[in-house]
Each structure stands twice: as structure tokens, then as C-alpha cells.
A.B. asks: 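Handing you a structure now.
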Amino acid sequence: MSADLTELYQQVILDHNKRPRNRGKLPTANRVAHGDNPTCGDQCSVYLRLETVLGQPDRIAEISFDGSGCAISQASASLMTTQVKGKTAPEVQALYKSFHEIVTTGNAPEEISDLAAFAGVHAFPARIKCATLGWHAAIEALKSDPLVTPTTTETHHD
Amino acid sequence: MSADLTELYQQVILDHNKRPRNRGKLPTANRVAHGDNPTCGDQCSVYLRLETVLGQPDRIAEISFDGSGCAISQASASLMTTQVKGKTAPEVQALYKSFHEIVTTGNAPEEISDLAAFAGVHAFPARIKCATLGWHAAIEALKSDPLVTPTTTETHHD
Amino acid sequence: MLDLTKIRADFPILHQQVHGKPLVYLDNAATTQKPRAVIDALVRYYERDNSNVHRGLHALSMRATDAYEGARARVAKFINAADPAEVIFTRGTTESINVVAHSYAARLKPGDVILTTEIEHHSNMVPWQQAAKASGATIRYVPFLGANVEDGLDLAQLDALLTPEVKVFAFTHISNTTGTINPATAFCAKARARGIVTVIDAAQSIGHETIDVQAIGCDFLAFSGHKMCAPTGIGALYGRRALLDTLAPDETGGGMVVTVDYTGARWKPAPERFEAGTPNIADAIGLGAACDYLDTIGRPAIAHHDAALAQLAREKLSVLPGIRILGPRNGEPRGGLVSFAFADIHAHDIVTFADEDGVALRGGHHCNQPLMRKLGLTSTTRASFYLYNTEQEVDALVASMRRTLKFFGVT
Amino acid sequence: MLDLTKIRADFPILHQQVHGKPLVYLDNAATTQKPRAVIDALVRYYERDNSNVHRGLHALSMRATDAYEGARARVAKFINAADPAEVIFTRGTTESINVVAHSYAARLKPGDVILTTEIEHHSNMVPWQQAAKASGATIRYVPFLGANVEDGLDLAQLDALLTPEVKVFAFTHISNTTGTINPATAFCAKARARGIVTVIDAAQSIGHETIDVQAIGCDFLAFSGHKMCAPTGIGALYGRRALLDTLAPDETGGGMVVTVDYTGARWKPAPERFEAGTPNIADAIGLGAACDYLDTIGRPAIAHHDAALAQLAREKLSVLPGIRILGPRNGEPRGGLVSFAFADIHAHDIVTFADEDGVALRGGHHCNQPLMRKLGLTSTTRASFYLYNTEQEVDALVASMRRTLKFFGVT
Ligand SMILES: Cc1ncc(COP(=O)(O)O)c(C=O)c1O
Ligand SMILES: Cc1ncc(COP(=O)(O)O)c(C=O)c1O
């Protein structure tokens with residue numbers, strides 16, 4: 001197996017793919033968003049319970065994801081849920097920015113070592129959309145009204 | 001000038017082009033048809049006075065043509081009028097068949113030497129439509145009702 | 001029997017390595033590779049004859065026109081159309097179907113029914129959905145039989161669905177997702193007996209088997225050149241002459257009009273009526289060259305070869321743990337492809353691992369999302385074969401699958 | 001100054017004889033010839049990278065996708081679009097205009113006005129006539145000034161015609177029949193101030209002068225690759241992003257949908273929304289190569305060269321007996337072409353005689369029948385120039401005209 005491929009399918013990714021964390025519908029969710037990757041049919045729904053402080057959305061109290069897709073997309077969504085829990089929307093945005101940097105350049109800043117497992121994606125540009133599918137859905141969910149609305153994460157420039 | 005071109009622009013063609021016979025509207029016409037060559041914008045109207053014998057259409061008593069186009073189309077229409085005058089519709093059809101043979105193969109049967117001037121057209125397949133424009137209009141006119149109807153001679157297989 | 005050494009030598013692209021492994025190109029249902037003869041036809045046209053067609057009287061223009069119309073006649077002969085004017089050049093299957101669907105959208109009425117099937121490619125489904133929406137007509141689908149489409153379409157249902165309200169029946173000849181072969185001649189006979197217009201999506205059959213539109217008895221047939229050794233950007237719509245001249249053109253502009261004034265225009269007859277603007281001259285000529293190439297090799301031999309490789313692959317793959325194979329069973333007739341899914345490994349991971357072994361496969365929904373959903377799948381992996389593929393390449397495919405299964409711990 | 005020896009060496013087709021005379025190709029407004037670099041780009045693609053795009057994860061598919069999307073970015077840069085997604089690949093100008101016209105046909109209403117001009121090519125006239133018919137809108141034409149269109153369009157009339165009912169203003173950048181150059185930037189400013197959508201037919205300008213869609217300020221711009229050194233079968237529609245994503249797609253099918261079920265579909269955003277089916281991958285890459293080629297030579301120099309040859313030809317032809325020349329007067333700005341008629345000799349005879357001298361010209365109505373009729377002509381002869389043409393070729397043109405006049409006894 002080539003170095004690129006070993007780098008892509010790291011142990012942590014395979015582990016999250018096999019035993020996804022926070023998988024399934026969240027009964028207490030007050031936010032949800034759904035992402036499609038039309039190129040491959042991958043789907044990912046993200047459910048959040050967003051805390052409210054003084055009437056304003058605050059931190060993610062609970063999170064889960066559901067859907068189907070390749071090892072990269074499933075592992076990424078799973079790892080994402082573990083990373084964003086307890087964070088505010090701006091914090092999630094900042095983390096996604098670093099994650100996007102990692103999957104497009106392969107360079108991971110030291111402080112976010114957990115997401116560095118996805119550095120191998122950068123050698124497979126066609127898989128970047130897989131790695132970001134869950135993240136897009138989470139960000140959409142954070143932006144969404146408490147009312148449930150379906151959405152798509154298909155964007156054309158990542 | 002090449003032999004092909006001299007053969008195409010024979011003296012008789014140049015003559016008919018310069019001094020077209022039977023040109024203009026025919027006031028006594030009881031049949032008319034109009035032909036377009038959409039490839040080049042050439043146009044030709046043919047006016048006939050068709051005699052009636054025992055209530056049936058019989059011979060072309062008078063004929064004229066009008067329109068604009070290249071030397072080949074104008075000379076051909078002019079020569080056509082001189083050849084079909086006095087003929088019945090089946091006779092015109094038969095003559096057109098020979099003419100079509102001449103312009104597509106270059107071989108002219110002896111008995112119709114007048115039309116043989118157009119044998120040179122066969123070396124210029126793109127000009128066959130020019131040479132047959134007036135003929136098509138004449139045949140359409142013969143088929144037309146005594147009522148005037150516009151028509152097109154654009155066909156795709158000559 | 002095909003002479004594979006000779007055939008493979010005709011295709012320059014095959015002789016390369018991918019990730020240090022010899023390329024095993026098994027993505028032929030997506031697009032096929034091009035033989036030297038087709039590439040040369042393009043180069044020759046651009047180096048010698050390039051000119052605009054139809055409206056020109058100079059030497060290059062006449063040569064280009066002859067070559068372009070010659071290609072039309074060649075394609076007509078390839079599908080045994082009665083008349084070259086029945087061949088309209090398009091960009092490919094999708095555009096061909098849109099041309100027919102747009103025309104029928106303008107003449108269908110509420111109460112009319114468009115019948116299609118549950119196994120269609122999006123390109124033979126969405127245009128009809130749109131035609132139904134635009135006209136107020138209803139769209140219905142012939143369902144399939146068997147959890148994995150093993151038994152093809154439900155023919156009993158088909159008979160029941162061919163009601164007097166049905167005006168158009170559009171169906172695929174061979175499914176790009178399951179390899180199912182529809183009995184096109186029988187379908188057309190049923191439809192014709194009821195006065196229903198038939199539209200065949202021949203994208204997956206045109207490059208493989210002999211297509212005779214008169215024998216099949218269809219009204220329209222759509223296909224893509226790029227799936228039959230021809231360049232990208234060219235394809236055709238066959239239409240019966242009597243129908244074509246009654247259809248409104250989809251696109252309008254230069255070249256398809258008899259006369260134009262500031263208030264309106266009159267259309268030429270087919271094929272010009274449907275070819276507004278400068279056509280794709282070079283690639284049409286390339287399509288003609290592809291017809292020559294395929295007929296020199298012989299389509300019956302090609303069809304046999306491709307189906308045999310697909311059979312072999314189906315057989316060898318079927319023993320892999322957890323595999324689910326779509327379409328006809330082992331040994332039953334199928335098109336030259338096999339599409340499958342593993343319970344625990346996603347098609348994209350399979351395809352990425354196969355690529356490392358030099359094996360080019362397609363993974364996804366194959367533009368057939370509704371079918372996937374009905375099968376409870378989001379995607380499959382598809383291996384599709386063509387005249388230059390070998391039995392060794394089938395082995396390379398199976399070996400690659402085994403390596404991937406092992407990596408993911410499936411045994 | 002262009003290095004003509006070097007440039008001519010880039011075009012294999014130019015080095016041939018026609019009827020024993022060196023080819024003098026002056027039919028560039030119909031289609032241009034292709035440099036070696038463009039032909040090579042096609043060959044390279046088919047020999048190395050050919051694969052279907054977008055939906056593939058194997059090496060060839062990724063290479064093909066990168067090359068195809070790279071070509072889109074290259075074309076965007078060529079016209080200075082703000083975003084590659086604003087470039088939709090089409091078959092050419094005619095299809096590009098049809099895409100916009102069909103979309104607006106679906107949203108215009110009775111009372112709305114489509115404004116165009118009397119000097120449009122059929123491809124920028126008939127689709128709007130059809131859009132008017134389909135929607136109940138009215139079509140109006142900006143008239144021209146001067147018996148031979150010497151003074152271009154009537155700008156006073158234009159102001160009066162840009163009423164609040166006008167929703168779309170479609171006009172040609174350079175007329176293919178007269179060489180008239182419309183002040184596109186000024187037209188777009190007037191239209192924008194009134195909230196009118198602008199559609200520019202850039203078929204005759206794209207290959208010659210620098211086009212900057214942001215500086216021009218247009219909403220849509222249509223052009224053909226084959227008129228700018230690129231292969232046949234490819235062209236583009238530029239559309240402002242904000243407008244594109246509001247337009248309904250014309251063709252539907254695979255590749256342009258987000259999700260499909262048996263009842264309907266949702267579209268992707270631009271550009272995919274407008275590119276149903278397998279695109280013309282190779283020729284899009286060829287178009288990218290043509291952009292590279294033209295920018296290496298330099299478009300300002302090309303524009304200057306082509307216009308100078310047309311000026312020279314106009315000047316030298318204007319002394320011939322009985323000639324009537326259309327469009328701008330001697331010395332006034334004009335596109336790289338000159339179109340003329342003789343009182344007693346038809347354009348087809350002229351073109352046939354010129355061909356004997358190796359000179360390739362176009363004769364006819366140039367897809368502009370209404371204009372011809374208004375000018376009292378049925379056809380003209382057109383000589384059109386490009387970067388590989390020389391002053392000697394202008395002389396060959398004039399000499400050929402003299403020989404023909406002599407044969408027909410015009411002195
Ligand atoms: C001004 C103008 N518009 C439109 C067209 C149509 O271009 P195409 O035939 O490439 O679609 C042409 C060329 O024929 C043209 O000159
Ligand atoms: C069955 C079927 N129909 C239609 C199409 C669409 O063909 P194209 O993309 O060449 O228009 C394809 C190929 O993708 C196909 O396999």
C-alpha cells in the first residue's frame with residue numbers, strides 16, 4: 001500500500017469509521033441540518049442541542065450525526081462531534097477553518113492534533129468533500145432556525 | 001481559368017444570365033410558385049399560364065420567372081422557361097429528370113443538347129441547388145392550385 | 001474472438017502506469033477510450049479541411065461539408081436508419097433526450113401519461129419529469145422485480161401500464177447501474193400497437209451491440225459518441241422522419257431556418273431544423289471514424305467479449321464475503337458491466353483502493369438516485385468492460401477487491 | 001506587430017494549395033483555423049487523460065476533472081469573469097443565446113419588451129423571437145443609420161427604445177455582416193441604469209480583441225470557441241453569478257442535480273446547473289489552450305492587425321467598378337472583415353471564381369436575411385481576416401476580384 005493511502009486511512013480514521021461516536025438521532029435536538037454530497041450520494045444529518053444563555057444561542061450541549069458515506073466522511077463526522085461538543089458557533093467556525101486548512105494543505109497546527117489524522121486527505125483532492133461533509137452539516141445546523149429545515153452542503157469551491 | 005470553371009460558366013450560360021428570357025411577372029398567369037435557396041438567399045418565382053383542355057390542366061401556354069441569384073441559377077431559370085413552354089406537366093417532369101442527371105453526372109443525352117450547357121455544374125456539387133432552383137419552382141407551380149400559394153424548393157437530396 | 005494484442009495497440013492511453021501499476025481501465029460505462037484512428041481523424045480534419053459547413057462554396061468549406069454529411073450518413077448506416085436525415089447530431093444522450101422531451105412538452109396535455117421505468121439514468125428521467133410539469137401530463141414508472149433487480153422490469157405491470165393515456169414510452173436499452181438488458185424490440189412492438197411513441201436511451205448499448213433502429217422499431221433513439229470510441233461532445237438523436245418533421249425545434253438560430261424576417265422564421269426540415277448554429281463538425285467526423293473502427297472489429301464479437309468479461313467478473317466477485325451484486329444472476333444475459341456493494345465498505349473507499357492498484361472503477365449512485373434508494377443503497381462500485389479489456393484485468397479487479405477487504409478486516 | 005512567419009508556422013492547414021494556388025483563407029468570420037498547440041491539447045488529452053469528469057475518484061478521472069475545471073478557470077480569466085462558476089460551457093454562441101432566451105421565455109410576461117437590433121445574426125434574433133412568442137412579450141429592434149449601415153445603429157432611437165417595459169437588451173458586439181462595432185460598454189451602462197438585463201453576442205469579437213466582462217458591465221456574454229482558434233463544438237455563456245443562480249436550467253439530466261426522486265429533482269448551482277450530461281471535455285480543454293495561445297500572441301496586437309487588414313482591403317476594394325461596401329467608411333473603426341456586393345455579379349459567382357484563385361471567401365446572407373432585405377440585397381461577399389493573414393493576401397483578394405470582373409465584362 002502506498003504511503004499516501006496509509007496516510008489517508010490512518011488508524012484513528014478506521015477506528016471512528018468502525019465505531020462511530022455520537023451516531024444516531026438526538027431526541028433532544030433543537031437544531032438539525034442535512035448535507036448531501038451529490039457527487040457520490042453521501043449523506044449526513046447533524047443534530048444539536050444548543051444551549052441558550054439570556055435568550056441567545058450559546059454552546060453545543062449535545063450533538064449526534066447520522067447518515068451514510070465512505071470511511072473518510074463517516075470518520076470525519078464522528079470525530080467532528082467529539083471536537084465541537086461544548087463549543088459556541090464562532091469556536092466551531094474557527095475549528096472548521098483549521099480543519100479545512102489541514103485537509104487542503106496537509107499541514108496541521110500543533111494545538112489541534114486530534115484533527116491532524118485527516119492531513120492525508122490533501123493528497124486526494126476529490127475526497128475533501130467527503131471529509132468536510134459532516135462539518136458543513138454542523139455549521140448549517142448552528143445557523144439554522146430552531147425549526148427543522150433540510151439543506152445541502154454542496155458548495156463548489158472546497 | 002481552369003477547365004472546370006470554363007465548363008461551368010459556358011457562353012450560353014453567361015448569355016442567359018446577361019439577357020434572361022421570359023423574365024418578369026406574367027400578368028396572365030394562373031399558377032405561380034416561389035423557391036428559396038436558404039443556403040445562399042437565392043430566390044426564384046415562376047409564373048405560368050396553364051391551358052385547360054376539357055377542364056383538365058394541359059400545356060404551359062406562357063411562362064416567366066423572376067428573382068435574384070447567381071449566374072447559374074438565373075441562366076438555368078431563363079433556359080428552363082424556353083424549354084418547358086408548350087409542354088405538359090409529365091413532359092416537364094421527364095425533362096427535369098434529364099436535367100438533374102446532367103447536373104449531377106455531367107453526362108447529357110444527345111436529344112436534349114440545349115440543356116447540356118449545364119453539364120459543368122456536376123464538378124461543383126454545391127452549385128447543383130442553384131441550377132435546379134428555377135426547375136423546382138416550375139414543378140411546384142405546375143402542382144399548385146390555381147390559387148397562389150408560397151412554397152420552398154429547399155430539398156435535401158439533390 | 002477479438003485479437004486483444006492488436007486492439008490494445010490501437011489505444012494509446014492504455015499503455016501507461018497509474019501509481020506504478022499498469023492501468024486497468026474498467027470505467028467504460030462512464031466513457032470509453034479512443035483508438036488512434038479516431039484521434040487521427042480529428043487531427044486530419046484540423047490540419048487539412050477545417051472550415052464552416054453548409055453555407056460555403058470554397059474548397060475547404062465543401063470538403064468540410066462533405067465530411068460532416070458523410071459522417072451523418074455513416075452514423076445512419078451504423079444504426080440502419082432509413083435516411084441520413086433521420087440522424088441529428090447532438091452533444092450526447094442527455095441532449096438528445098432533452099430535444100425530444102422539450103418537443104413533447106409542447107404537445108402533451110393534462111391527462112396524458114409519460115411512461116418510463118424505475119431503472120432509468122437521471123438523463124432519461126429528469127427531462128421527462130420536466131416535460132410532465134410543463135405540460136400537465138403525468139409520469140409513471142414501470143417497476144422492477146427482485147430485491148437486486150435480478151429479474152429486470154415487471155413485464156406484467158408493463159402491459160397494465162400501457163394504457164390509452166400513455167403518449168410516450170421512454171426506456172433504457174441497457175441499465176448503466178445494473179447491466180439489465182431491456183427487450184427493446186418487444187417493448188416497441190407493444191407500444192407501436194397502441195400508437196405510443198418510443199424513445200430508447202441507447203447510451204449503454206450503442207458501443208457494444210449491433211443496433212438496428214428499423215428492426216427494433218423505435219421512434220427515437222439517443223446515444224453518446226464518447227461511449228463508443230468517439231470524441232467527447234458528440235452524439236446523436238435518431239428520429240423517424242415522419243415524426244421529426246412534425247416536431248418543433250428546441251434551439252433556434254443560424255442554419256436551421258429557411259427564411260427569417262423581423263417578425264418570425266420558417267424552419268428547414270430535419271436534420272437541419274434541429275441543428276441551430278455551427279455544429280460540432282470535427283467530432284461528428286470523429287464519430288464517423290468510430291463507427292468505421294467498431295465495424296471493422298465487428299460488433300457481434302465486441303458484444304460477446306464485453307458480456308463474457310462481465311459474466312466472468314460477476315462469477316469471480318460473487319464469492320467475496322458480504323458482496324451484493326445488482327442485476328442479472330450468474331450466467332444470465334447482462335450488459336458488459338457489473339455493479340456491486342459490500343455491507344461495511346463504502347464504494348468510494350473501494351474505488352480509492354482500486355486506483356492504488358491501477359484499477360479504474362466508478363463508485364457512486366451512477367446518476368440513478370431513486371433506484372439506489374429503492375434498493376436501500378447509497379452507492380455501488382461498478383466495473384464496466386470494453387473491447388480492449390482482458391481476462392487478466394478481471395483477475396486484477398478481483399485481487400484488488402480482496403486486498404481492500406483484507407485492509408478493512410472483512411474476511 | 002505580429003511575427004507572421006512564426007504565427008503562420010503554427011497553423012498546419014495554411015500550408016496547402018487549392019486548385020494549384022496557395023490557400024488564402026479569408027473566411028475567418030465563419031470559423032478560424034487551429035494552431036498546433038490546440039490540436040496537440042486534444043491529442044494529449046485523448047492519449048493520456050481521457051475519462052469522464054466530476055463523478056470519478058480514479059486517477060484518470062481526477063486528471064480529466066482538473067483539466068476540465070482548469071479550462072473553465074482559464075476561460076474565466078480570458079474574459080475577466082469574477083468567478084469560474086460564471087462560465088458555462090456550451091456548443092457555441094447559438095446554444096449560449098438559446099440557454100438565456102429559454103430561461104427568460106419562462107419569466108417574461110405580455111407587456112414586457114425584448115430589445116435587439118436590426119443587424120443581428122439569426123442566432124441572436126430567432127431565439128428572442130421565440131422567447132417573445134412563448135411568453136407573450138414583444139420584440140423591438142434598434143434601427144441602423146445610413147443606406148449601407150455606415151453610421152451603425154441609431155443611438156438617438158436607442159435611448160427612446162429603452163423604455164421601462166424593456167426587460168432584456170440583446171445585441172451583437174461586432175456585426176458579422178457589416179463589421180460595425182457596437183459600443184458595448186455604453187450600451188450596458190444605459191441598460192444597467194434602467195435595470196435591463198444585457199446579453200452580448202461576442203461571436204465576432206472574442207477572438208480578436210480583449211474582452212473584459214466586468215469592464216463592459218454586461219450580464220451575459222455568448223461566444224464560440226471555433227471563432228477563436230479553438231475546436232468546433234465548444235463555446236461558452238458567461239453569466240453574472242447573481243443572475244445565473246436564479247435561472248431555470250434549459251437541459252436537465254445527470255450531473256446537474258443535487259437530488260432526484262421519482263417525483264422531481266433539485267438543481268445544483270451554476271455552472272453545473274447548466275451542464276446536463278457528459279460535457280465536451282476535450283474541446284473545453286482545447287478552448288483553454290486557445291486562450292493560452294491568443295494571450296501569448298497578445299490580443300491588442302491581434303485586434304490591431306485584423307482591423308488594419310480589413311481597412312486596407314476596404315480601401316483597395318473601394319475603387320473597383322460597381323462595388324457597394326457595407327459598414328463603416330474608409331478609415332473608420334471596423335471589425336476585421338469587409339463585406340461588399342457588385343451590381344451585376346452575384347456573390348456566389350464571385351466566391352466560385354475566388355476559390356479558383358485559392359482565395360476562400362464567404363458569399364450569402366451571412367445569417368442576416370432581414371438586414372439584407374432592408375439593404376435591398378440578397379447576398380454579399382465577405383472577406384474576414386485573422387492573425388495569420390498578410391497584406392499580400394489582401395492583394396490576392398483584390399487581384400481575384402479584378403479577374404472576375406473582367407470575366408463578366410465589368411470594367
Ligand atoms: C455575430 C454572430 N453571432 C452568432 C453566430 C453564431 O455562432 P455559432 O454558429 O458558432 O453558434 C455567428 C457566427 O456564425 C456570428 O457571426
Ligand atoms: C444509461 C445512460 N443514459 C444516459 C447517459 C447520459 O449520457 P451522456 O452523459 O453522454 O449525455 C448515460 C451515461 O452517463 C447512461 O449510462
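Every chain is numbered from 1, with letters handed out A, B, ... down the list of sequences. This is a predicted model, so every value here is computed, not measured.
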A.B. asks: Is D/L371 in contact with chain C via its backbone, its side chain, both, or neither, using a 4.5 Å heavy-atom distance?
C.D. replies: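 The answer is both parts of D/L371.
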A.B. asks: Where does D/N368 contact chain C at under 4.5 Å (heavy atoms): side chain, backbone, both or neither?
C.D. replies: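 Neither the backbone nor the side chain of D/N368 comes within 4.5 Å of chain C.
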A.B. asks: For each of D/A134, D/A101, D/A354, D/S123, tally heavy-atom pairs with chain C at distances under 4.5 Å, and name the one with the top tally.
C.D. replies: D/S123
A.B. asks: Salt bridge check: are D/E47 and C/K34 linked by an N-O gap of less than 4.0 Å?
C.D. replies: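 No.
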A.B. asks: So which part of D/V18 gets closer than 4.5 Å to some heavy atom of chain C, the side chain, the backbone, both or neither?
C.D. replies: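 D/V18 touches chain C through side-chain heavy atoms alone.
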A.B. asks: Using ring centroids (six-membered ring only for Trp), state whether C/H122 and C/H365 fall under 6.0 Å.
C.D. replies: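 Yes, ring centres under 6.0 Å apart.
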A.B. asks: Heavy-atom pairs under 4.5 Å with chain C are the metric here; pick the option from D/T93, D/I234, D/D250, D/L42 that has the most.
C.D. replies: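 Of the options given, most contacts go to D/D250.
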A.B. asks: Given heavy-atom pairs under 4.5 angstrom as the criterion, report whether the side chain, backbone, both or neither of D/E118 touches chain C.
C.D. replies: both
A.B. asks: Could you tell me which portion of D/D27 (side chain, backbone, both or neither) has an atom closer than 4.5 angstrom to a non-hydrogen atom of chain C?
C.D. replies: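 Side chain of D/D27 only, per the 4.5 Å heavy-atom cut-off to chain C.
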A.B. asks: Please check: side-chain N/O of D/T31 versus main-chain N/O of D/H226, any donor-acceptor pairing under 3.5 Å?
C.D. replies: yes
A.B. asks: Minimum heavy-atom separation for C/L361 to C/V351, with atom names?
C.D. replies: O-CG1, 3.5 Å
A.B. asks: Tell me, side chain or backbone of D/P127 under 4.5 Å from chain C's heavy atoms, or both, or neither?
C.D. replies: both
A.B. asks: Would you confirm whether the ring centroid of D/F89 sits within less than 6.0 angstrom of the ring centroid of D/F274?
C.D. replies: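 Between D/F89 and D/F274, which both carry aromatic rings, the centre distance is not below 6.0 Å.
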A.B. asks: Using heavy-atom distances under 4.5 Å, tell me whether D/T259 contacts chain C through its side chain, its backbone, both, or neither.
C.D. replies: both
A.B. asks: How far apart are the closest heavy atoms of D/A230 and D/G286, and which atoms are they?
C.D. replies: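 For D/A230 and D/G286, the tightest heavy-atom pair comes out as CB-O, 4.3 Å.
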A.B. asks: Go through the atoms of C/R48 and report whether side chain, backbone, both or neither lie under 4.5 Å from a heavy atom of chain D.
C.D. replies: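 Contact with chain D involves the backbone of C/R48 alone.
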A.B. asks: Is NZ or CZ of C/K374 both nearer than 6.0 Å to the six-membered ring centre of C/F144 and within 45° of the ring axis?
C.D. replies: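 Yes, C/K374 lies over the aromatic ring of C/F144.
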A.B. asks: Using a strict 4.0 Å threshold on nitrogen-to-oxygen distance, state whether C/R91 and D/E251 make a salt bridge.
C.D. replies: yes
A.B. asks: Measure distances from D/N280 to the heavy atoms of chain C and classify the residue's part below 4.5 Å as side chain, backbone, both or neither.
C.D. replies: both
A.B. asks: Is C/T116 close to chain D through its backbone or its side chain, or both, or neither, when contacts mean heavy atoms under 4.5 Å?
C.D. replies: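 The answer is neither part of C/T116.
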A.B. asks: Any idea which heavy atoms bring D/P22 and D/Q17 closest together, and the distance?
C.D. replies: N-NE2, 4.1 Å
A.B. asks: Spell out, as yes or no, whether a donor-acceptor pair under 3.5 Å connects the side chain of C/K227 to the backbone of C/A29.
C.D. replies: yes
A.B. asks: Below 4.5 Å from any heavy atom of chain C, which atoms of D/W267 appear? Answer side chain, backbone, both or neither.
C.D. replies: side chain
A.B. asks: Counting heavy-atom pairs under 4.5 Å to chain D, which of C/T263, C/L14, C/T352 comes out on top?
C.D. replies: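 The candidate making the most pairs under 4.5 Å is C/T263.
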A.B. asks: Highest number of heavy-atom pairs under 4.5 Å with chain C: which of D/N98, D/T94, D/V126?
C.D. replies: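 Option with the greatest count: D/N98.
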A.B. asks: Between D/E95 and chain C, with a heavy-atom cut-off of 4.5 Å, which part of the residue counts as in contact: side chain, backbone, both or neither?
C.D. replies: both
A.B. asks: Looking only at side-chain N and O atoms, does C/S379 offer a donor or acceptor that is under 3.5 Å from a partner on C/H346?
C.D. replies: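 Yes - a donor-acceptor pair under 3.5 Å links their side chains.
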A.B. asks: At a heavy-atom separation under 4.5 Å, does C/Y141 approach chain D through its side chain, its backbone, both, or neither?
C.D. replies: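 Just its side chain gets close to chain D.
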A.B. asks: Is D/Y25 in contact with chain C via its backbone, its side chain, both, or neither, using a 4.5 Å heavy-atom distance?
C.D. replies: side chain
A.B. asks: Need one label for C/Q130: side chain, backbone, both or neither, based on atoms under 4.5 Å from any heavy atom in chain D.
C.D. replies: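 Only the side chain of C/Q130 comes within 4.5 Å of chain D.
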A.B. asks: Side-chain contact test, heavy atoms from C-beta onward, threshold under 4.5 Å: evaluate it for C/I139 versus D/Y262 and give yes or no.
C.D. replies: no
A.B. asks: Does a donor on one side chain and an acceptor on the other come within less than 3.5 Å for C/S384 and C/N28?
C.D. replies: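 Note: C/S384 and C/N28 side chains miss the donor-acceptor criterion.
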A.B. asks: Can you name the closest pair of heavy atoms from D/N52 and C/R362 and give their distance?
C.D. replies: O-NH2, 3.6 Å
A.B. asks: Between C/H15 and chain D, which part of the residue has a heavy atom less than 4.5 Å away: side chain, backbone, both or neither?
C.D. replies: neither
A.B. asks: Which region of C/Q16, side chain (C-beta onward) or backbone (N, CA, C, O), has a non-hydrogen atom less than 4.5 Å from a non-hydrogen atom of chain D, or is it both or neither?
C.D. replies: side chain
A.B. asks: For D/M372 and D/T177, which heavy atoms make the closest approach, and how far apart are they?
C.D. replies: CE-CG2, 3.4 Å
A.B. asks: Among D/S224, D/A276, D/G92, who wins on heavy-atom pairs under 4.5 Å with chain C?
C.D. replies: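 Looking at each option in turn, the highest pair count goes to D/A276.
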A.B. asks: Report which part of C/R44 has an atom under 4.5 Å of a heavy atom belonging to chain D: side chain, backbone, both, or neither.
C.D. replies: neither
A.B. asks: Does any heavy atom of chain C fall under 4.5 Å from the side chain of D/I281, the backbone, both, or neither of them?
C.D. replies: both
A.B. asks: Look at C/G253, C/G233, C/P370 and state which one has the largest set of heavy-atom pairs under 4.5 Å with chain D.
C.D. replies: C/P370
A.B. asks: Do the side-chain N and O atoms of C/H366 and C/N176 include a donor-acceptor pair separated by under 3.5 angstrom?
C.D. replies: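 There is no such pair (donor and acceptor under 3.5 Å, judged by atom type) between the side chains of C/H366 and C/N176.
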A.B. asks: Does a side-chain heavy-atom distance below 4.5 Å link D/V359 with D/L26?
C.D. replies: yes
A.B. asks: Does any heavy atom of chain C fall under 4.5 Å from the side chain of D/T32, the backbone, both, or neither of them?
C.D. replies: backbone
A.B. asks: Which region of D/T90, side chain (C-beta onward) or backbone (N, CA, C, O), has a non-hydrogen atom less than 4.5 Å from a non-hydrogen atom of chain C, or is it both or neither?
C.D. replies: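 Backbone only.
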A.B. asks: Determine the option with the most heavy-atom pairs under 4.5 angstrom with chain C, choosing from D/D355, D/V43, D/V260.
C.D. replies: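 Highest number of pairs under 4.5 Å: D/V260.
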A.B. asks: Heavy atoms only, distances under 4.5 angstrom: which of D/H19, D/Q129, D/E120 has the most pairs with chain C? Name it, please.
C.D. replies: D/Q129
